[in-house]
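Bear in mind the structure is a predicted one, so any value in this text is a computation, not a measurement. Reminder, nothing fancy here: chain letters follow the sequence lines and each chain counts from 1.
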Amino acid sequence: MTATTETSSAASSPRNPRDGAEADAAVASAGPVVDPVDPDLAETARSLHAPVVDWFAAHARDLPWRRREAGAWGVMVSEFMLQQTPVNRVLPVYEQWLERWPRPADLAAEPPGEAVRAWGRLGYPRRALRLHGAAKAIAERHGGEVPEEHAQLLALPGVGEYTAAAVVSFAYGKRHAVLDTNVRRVFARAVGGQQYPPNATTAAERRIARALLPEDEATASRWAAATMELGALVCTARSPECARCPIAEQCAWQLAGAPAHEGPARRTQSYAGTDRQVRGRLLAVLRASKDPVPQSDLDQVWHEPVQRARALDGLVSDGLVEPLDGGRYRLPLT
DNA sequence: AACGCGTGGCT
DNA sequence: TAGCCAAGCGT
């Protein structure tokens with residue numbers, strides 16, 4: 001089954017990002033919200049489920065957060081760490097984290113600076129602060145249990161649309177569409193016939209993800225994990241291994257001759273010389289020291305005083321660094 | 001909506 | 001080699 005006119009127009013949303021939104025709005029205003037499933041899309045879905053889920057059963061990696069003993073907290077910790085950080089770098093930090101803080105309340109009882117320190121070099125250390133904040137909220141407002149509802153999860157710091165969906169689906173086995181960068185790429189190719197999805201998630205993509213979600217709860221949960229895994233291992237961004245793909249024969253992109261991506265390239269972010277690099281160096285010094293660090297030590301990490309001061313100010317206003325008397329700094333105790 | 005936010009491996 | 005890329009979020 002190749003992409004229909006409906007799905008291909010929806011999935012070509014880099015050009016027409018409003019198609020899906022208008023359709024959704026029209027349905028929403030019509031009354032009770034029942035997912036509008038295009039019959040062709042439904043047929044596409046049925047033809048994809050078995051091969052993808054079977055492939056997953058045979059090829060899924062044995063990752064610690066996929067084991068039963070991980071629990072919802074383990075899933076949640078892994079999802080925070082995996083936000084923009086590769087699996088291989090997450091693995092050792094995840095193990096140490098859960099050993100030290102096996103429940104949300106254990107983390108909540110510690111200063112936020114300890115979370116930042118334990119985060120190590122995973123990058124984007126504000127995630128550590130948010131995970132600590134989420135743990136406190138769970139301890140205080142949810143009786144120490146990771147909430148099961150998508151809306152409750154979404155209210156936690158650092159939990160966005162994707163992470164909430166991942167916890168709902170992976171930790172609690174509930175039926176919820178999960179759209180991460182891997183799934184978006186798989187759908188863009190298999191359904192949309194495009195090499196890459198649009199830069200930002202569109203309403204059209206959400207609609208397709210919902211339409212493709214299996215009815216059965218347990219299958220839906222496996223499907224979510226399976227499509228992610230397929231994107232991570234086979235349908236990769238740079239060099240997809242279509243010969244190993246369980247749905248290559250049905251893939252709209254393959255059937256179209258694997259055309260190269262049209263349209264604007266993704267903005268590539270620089271790093272060298274940016275405030276981010278300076279922040280990283282400052283924080284590395286602070287992580288390494290259990291005691292407060294004098295300003296003079298921090299001054300060593302970057303030659304340019306204006307940028308250095310701006311980076312330090314930023315860390316303080318983000319709550320990643322606590323200024324003390326006498327020009328000394330440390331990771332935050334509160 | 002576009003941007004800032006770390007870090008390191010890969011091609 | 002210099003981008004490109006990695007299970008996003010918040011503003």
Side-chain angles (χ1 to χ4, degrees), chain A residues 13-14 17-18 21 60-61 63-66 70 74-94 116 119-131 133-134 153-171 177-186 195-203 209 224-233 235-240 261 264-287 301 307 310-311 313-315 317-320:
Chain A
S13 44
R18 297 267 62 86
R61 292 167 291 179
L63 300 171
W65 45 87
R66 287 182 177 159
V75 171
M76 189 166 166
V77 169
S78 77
E79 292 302 338
F80 269 77
M81 293 182 172
L82 288 163
Q83 290 168 6
Q84 301 284 277
T85 302
V87 166
N88 285 336
R89 249 194 298 155
V90 164
L91 284 168
V93 183
Y94 171 86
V116 174
W119 198 253
R121 305 190 67 79
L122 288 183
Y124 292 149
R126 291 189 294 192
R127 291 181 292 164
L129 227 42
R130 291 172 184 152
L131 181 51
L153 288 158
L154 212 45
L156 299 172
V159 177
E161 179 181 347
Y162 162 74
T163 301
V167 171
V168 164
S169 181
F170 304 152
V178 175
L179 261 190
D180 80 320
T181 187
N182 291 304
V183 178
R184 294 181 61 221
R185 188 173 55 247
V186 168
Q195 186 179 24
Y196 296 119
N199 286 331
T201 305
T202 62
T227 47
M228 279 183 65
E229 191 78 336
L230 188 62
L233 298 184
C235 193
T236 58
R238 209 81 78 85
S239 48
H261 181 70
R266 284 214 289 222
R267 184 184 60 92
T268 164
Q269 58 179 4
S270 54
Y271 179 64
T274 62
D275 286 6
R276 263 196 299 177
Q277 183 180 25
V278 184
R279 287 166 58 108
R281 290 192 182 184
L282 291 170
L283 214 50
V285 171
L286 289 157
R287 273 197 312 264
V301 309
Q307 188 179 23
R310 184 172 67 232
D313 279 352
L315 289 171
S317 60
D318 284 349
L320 283 163

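Atom CZ of residue A:Arg185 and atom CE of residue A:Met228 lie 10.5 Å apart, to the nearest 0.5 angstrom. Atoms CG and CG, on A:Asp275 and A:Asp313 in that order, are 10.5 Å from each other to the nearest 0.5 Å. Remark: A:Tyr124 OH to A:Arg276 CZ distance equals 4.5 Å, nearest 0.5 Å. To the nearest 0.5 Å, atoms CG (A:Asn182) and CG (A:Leu233) are separated by 8.5 Å. With rounding to the nearest 0.5 angstrom, the CZ atom of A:Arg310 is 12.0 Å from the CG atom of A:Leu315.
Atom CZ in A:Arg185 sits roughly 12 Å away from atom C1' in C:dC4 (whole-Å rounding). Atom pair A:His261:NE2 and C:dC4:C1' shows a separation of 14 Å (rounding to whole Å applied). Rounded to an integer number of Å, the gap from A:Asn182 CG to C:dG8 C1' is 12 Å. The CG atom of A:Leu82 sits 8 Å away from the P atom of C:dG8 (whole-angstrom rounding). For the pair A:Tyr162 OH and C:dG10 P, the computed distance is 14 Å after rounding to whole Å. Computed from coordinates, the A:Asn88 CG to C:dA7 C1' distance equals 13 Å when rounded to whole Å. As rounded to whole Å, 8 Å separates atom C1' of B:dC5 from atom CZ of A:Arg130. Taking atom CG of A:Asn199 as the reference point, atom C1' of B:dA2 lies 10 Å away to the nearest angstrom.
Among the protein residues, A:Val159 comes within range of the sugar-phosphate backbone only, with heavy atoms under 4.0 Å from sugar or phosphate atoms but none that close to a base. A:Trp119 comes within contact range of no nucleotide atom at all, as no heavy-atom separation falls under 4.0 Å. Residue contacts for A:Ser270: at a heavy-atom cut-off of 4.0 Å it reaches no nucleic acid atom on any strand shown. Backbone-only engagement by A:Ala237 is indicated by non-hydrogen atom pairs under 4.0 Å involving sugar-phosphate atoms exclusively.
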List the atom pairs, donor and acceptor, that lie under 3.5 Å between side-chain atoms in residues 76-86 of chain A and the rest of the protein, sequence neighbours left out.
from	atom 1	to	atom 2	distance (Å)
A:Ser78	OG	A:Val75	O	2.7
A:Glu79	OE1	A:Tyr162	OH	2.7
A:Gln83	NE2	A:Gly158	O	3.3
A:Gln83	NE2	A:Thr163	OG1	3.0
A:Thr85	OG1	A:Leu122	O	3.1
A:Thr85	OG1	A:Arg127	NH1	3.3
A:Thr85	OG1	A:Arg127	NH2	2.9

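Between A:Arg287 and A:Arg121, the closest side-chain pair of non-hydrogen atoms falls below 4.5 Å. Using a 4.5 Å heavy-atom cutoff, the side chains of A:Leu91 and A:Val87 are in contact.
Distance check on atom P: C:dT11 versus B:dG6 gives 14 Å, rounded to whole Å. Nucleotides C:dC4 and B:dC3 are separated by 16 Å at their P atoms, to the nearest Å. For the C1' atoms, the distance linking C:dA6 with B:dA1 amounts to 23 Å, nearest Å. C:dA7 and B:dT11 have their P atoms separated by 15 Å, with the value rounded to a whole Å.
Along DNA chain C, the nucleotide nearest to A:Leu154 and the one nearest to A:Val87 differ in position, and the one closer to the 5' end is contacted by A:Val87.
One finds a side-chain N or O of A:Thr268 lying less than 4.0 angstrom from the OP1 or OP2 phosphate oxygen of C:dC4.
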Check your understanding: Could you write nucleotides 6-11 of chain B as a row of B, S and -, 5' to 3', where a protein heavy atom under 4.0 Å of any base atom gives B, of only sugar-phosphate atoms gives S, and otherwise -?
Key -> BBS---
